[in-house]
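Single-structure report; data block below.
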Amino acid sequence: MNETAAHAHIQSGQRLQTGQQHPIRLYLLVWGMLFVLSAFSYMVDYLGIQSYLRWTLILLFMMLKAGLIVAVFMHMAWERLALVYAILLPPLLVLVFVALMVSEADYTIFTRLAFFGTGP
């Protein structure tokens with residue numbers, strides 16, 4: 001639709017529909033899924049799960065909730081791939097660099113303890 005036709009539609013009282021509207025059912029379904037994932041996360045504490053399994057489950061539920069929020073409420077599921085990469089790739093790279101720094105810190109403390117002893 002060219003600019004003059006769009007202007008004529010606006011003047012005649014009709015509004016142009018820009019963007020995409022999603023059904024309310026989708027949002028209610030996602031809210032329900034977020035509620036269920038939160039309940040599962042709380043159940044991990046309630047059931048007394050300990051050790052690495054506890055943290056793995058909690059982090060898994062957190063990542064699933066974050067993924068749902070980003071995909072639906074930030075409309076990333078309907079965006080172009082280039083925009084998704086521009087928004088999501090930098091934080092993922094930061095997480096990779098943090099993981100590298102954690103492994104380097106573990107190596108450094110292990111080396112210091114091995115060569116300088118256990119005391120400060």
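You'll find the side chain of Asp45 reaches within 4.5 Å of the side chain of Arg54, heavy atoms only. Contact check for Leu100 versus Glu104: no side-chain heavy atoms found under the 4.5 Å cut-off.
Scanning for ring-ring contact (aromatic ring centres under 6.0 Å, His included) contacts around Tyr42 gives an empty result, with sequence neighbours left out. Residues satisfying the side-chain contact (heavy atoms from CB on, under 4.5 Å) test with Ser103, not counting sequence neighbours, are none.
Nearest heavy-atom pair across Trp78 and Val72 is CZ3-O, 3.6 Å.
Note: the hydrophobic cluster containing Leu53 also contains Val44 (ILVMFWY, side chain heavy atoms under 4.5 Å, direct or indirect links). Linking ILVMFWY side-chain heavy atoms closer than 4.5 Å, directly or via other members, places Leu92 and Val98 in two distinct hydrophobic clusters. Hydrophobic clustering, with ILVMFWY side chains joined whenever heavy atoms are under 4.5 angstrom apart, groups Met62 together with Met33. Residues Ile49 and Phe61 fall within the same hydrophobic cluster, defined by Ile, Leu, Val, Met, Phe, Trp and Tyr side chains chained together at heavy-atom separations under 4.5 Å. No single ILVMFWY cluster, assembled from side-chain heavy atoms under 4.5 Å apart, contains both Trp31 and Ile24.
Its side chain within the 4.5 Å cluster rule, Leu83 clusters with Val70, Met74, Met76, Val84, Ile87, Leu88 among the Ile, Leu, Val, Met, Phe, Trp and Tyr residues.
Between the side chain of Ser41 and the main chain of Leu37, no donor-acceptor pair closer than 3.5 Å is present.
With rounding to the nearest 0.5 angstrom, the CG atom of Leu60 is 11.0 Å from the NZ atom of Lys65. The distance from atom CZ of Arg112 to atom CD1 of Ile109, rounded to the nearest 0.5 Å, is 6.5 Å.
Surrounding CZ of Phe35 are at most 12 heavy atoms belonging to other residues, nucleotides or ligands under 6.0 Å away.
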